[in-house]
Student: 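Below you'll find the structure I mean.
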Amino acid sequence: MAPAIRGICATALLFAGLAGTAEAQPRARQQSPSYGYVFAEYDYYSGGGSLNGGGLGAGWRINRYLGLQGGGQYTRKSGVDITNAYLEALMAFPLTQRLGVYASIGGAYAEASASAGPVTVSIGRSGYRAGVGLEYWLTQSWGLRAGFHRQNAGGVADDIGVGIAYRF
């Protein structure tokens with residue numbers, strides 16, 4: 001084979017290899033069983049009256065089926081601030097590449113505080129948190145979440161949350 005043809009073939013193979021590597025990277029990320037994510041949600045609470053609030057959280061999928069997540073929620077009603085923090089283990093059940101369900105169990109800490117003039121009274125309690133949810137990934141990075149959780153931190157309360165998630 002002439003040196004010029006060998007050089008052209010080598011160059012073509014090099015570019016094909018680089019293009020194949022670049023193309024394989026997004027696929028590898030898509031199929032990666034572990035990833036981190038953050039989410040924001042709107043929450044509706046029932047328990048001793050209904051409350052509306054919001055929350056933020058973050059998590060890490062250790063593999064396709066197991067993960068950890070934690071977050072905080074806040075609501076205010078009739079001059080009472082209610083905050084909630086939680087950490088829970090997550091078991092995921094992928095139904096399709098985009099749709100999955102999950103179950104979670106962990107601990108929570110809730111605190112209610114109210115102010116009357118210069119005096120502020122706070123009451124905090126810890127307890128369990130357990131729930132189920134649904135995730136639908138619109139793209140590789142953006143998804144929608146909905147979940148139901150029961151919590152016993154200062155009294156039993158049910159939480160229905162819907163929100164958006166970003167995974168990285």
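Only heavy atoms go into these numbers, but all of them, side chains included; no hydrogens, no water, no symmetry mates.
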Student: Would you mind reporting whether Ser34 and Ile62 have side-chain heavy atoms less than 4.5 Å apart?
Tutor: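 They are not in contact (no side-chain heavy atoms under 4.5 Å apart), so the answer is no.
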Student: Enter the distance from Ile160:CD1 to Ser46:OG here, rounded to the nearest 0.5 Å.
Tutor: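 The distance works out to 6.5 Å.
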Student: Show the nearest heavy-atom pair for residues Ile82 and Ala112, with the distance to one decimal.
Tutor: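 The answer is CG1-CB, 4.3 Å.
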Student: So which atom in Gly127 and which in Ala153 form the shortest heavy-atom distance, rounded to 0.1 Å?
Tutor: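 Closest heavy-atom pair between Gly127 and Ala153: N-CB, 3.8 Å.
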Student: Before giving the answer on side chain to side chain contact (heavy atoms under 4.5 Å, CB included), spell out for Leu68 and Leu90 the whole-Å C-alpha distance, their side-chain angles and the decisive distance to 0.1 Å.
Tutor: CA-CA 6 Å; Leu68 294 171; Leu90 185 86; over 6 Å; no
Student: Which atoms form the tightest heavy-atom contact between Asp43 and Gly55, and what is the distance?
Tutor: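 Smallest interatomic distance, heavy atoms only, reads OD2-N, 3.6 Å.
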Student: So, using side-chain hydrogen bond (donor to acceptor under 3.5 Å, both in side chains) as the criterion, who are the partners of Thr139 when residues are at least two apart?
Tutor: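 Thr139 satisfies side-chain hydrogen bond (donor to acceptor under 3.5 Å, both in side chains) with no residue once adjacent residues are dropped.
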Student: Name the atoms and distances for all side-chain donor-acceptor pairs under 3.5 Å in residues 116-126, with sequence neighbours left out.
Tutor:
unit_1, atom_1, unit_2, atom_2, d
Thr120, OG1, Ser115, OG, 3.0

Student: Side chains of Leu134 and Leu99: does their closest heavy-atom pair fall under 4.5 Å?
Tutor: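 Touching, per the 4.5 Å side-chain cut-off.
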Student: Sequence neighbours left out, what pairs pass ring-ring contact (aromatic ring centres under 6.0 Å, His included) with at least one residue falling in residues 97-143?
Tutor: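 Only Trp142-Tyr166 qualify under ring-ring contact (aromatic ring centres under 6.0 Å, His included).
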Student: Assess whether side chain to side chain contact (heavy atoms under 4.5 Å, CB included) is satisfied between Gln69 and Phe39, documenting all intermediate values.
Tutor: CA-CA 10 Å; Gln69 74 178 14; Phe39 58 92; 3.9 Å; yes
Student: Could you tell me which residues satisfy side-chain hydrogen bond (donor to acceptor under 3.5 Å, both in side chains) with Ser104, sequence neighbours excluded, listed by chain and number?
Tutor: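 Applying side-chain hydrogen bond (donor to acceptor under 3.5 Å, both in side chains) to Ser104 gives Glu88, His149.
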Student: Indicate yes or no: at least one non-hydrogen side-chain atom of Leu138 is less than 4.5 angstrom from one of Leu144.
Tutor: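 Yes, their side chains come closer than 4.5 Å.
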Student: First locate atom CD of Gln151, then atom CG of Asn84, and finally report the distance between them rounded to the nearest 0.5 Å.
Tutor: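 Interatomic distance, Gln151 CD to Asn84 CG, rounded to 0.5 Å: 4.0 Å.
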Student: Would Asp159 and Gln73 count as a side-chain hydrogen bond (donor to acceptor under 3.5 Å, both in side chains) here? Give the steps.
Tutor: CA-CA 10 Å; Asp159 166 23; Gln73 300 163 315; 2.8 Å; yes
Student: When rounded to the nearest 0.5 angstrom, what is the spacing between CD in Glu41 and CG in Leu56?
Tutor: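 Taking CD in Glu41 and CG in Leu56, the distance rounds to 8.5 Å.
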Student: Out of curiosity, Arg61 CZ to Arg167 CZ, how far, rounded to the nearest 0.5 Å?
Tutor: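 Result: 8.5 Å between the selected atoms.
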Student: Mind checking whether Leu51 and Val80 sit in one hydrophobic cluster, side chains of I, L, V, M, F, W, Y counted as touching below 4.5 Å?
Tutor: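 Looking at the clustering, Val80 is in the same group as Leu51.
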Student: With ring-ring contact (aromatic ring centres under 6.0 Å, His included) as the rule and sequence neighbours excluded, what pairs involving residues 50-88 come up?
Tutor: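 Every candidate ring-ring contact (aromatic ring centres under 6.0 Å, His included) pair involving residues 50-88 fails, so no pair, neighbours aside, qualifies.
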Student: Look up atom OG in Ser141 and atom OH in Tyr37, then write down how far apart they are to the nearest 0.5 Å.
Tutor: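 These two atoms lie 15.0 Å from each other.
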Student: Which residues pass the side-chain hydrogen bond (donor to acceptor under 3.5 Å, both in side chains) test with Arg150, sequence neighbours left out?
Tutor: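 Result, side-chain hydrogen bond (donor to acceptor under 3.5 Å, both in side chains) vs Arg150: Asp158.
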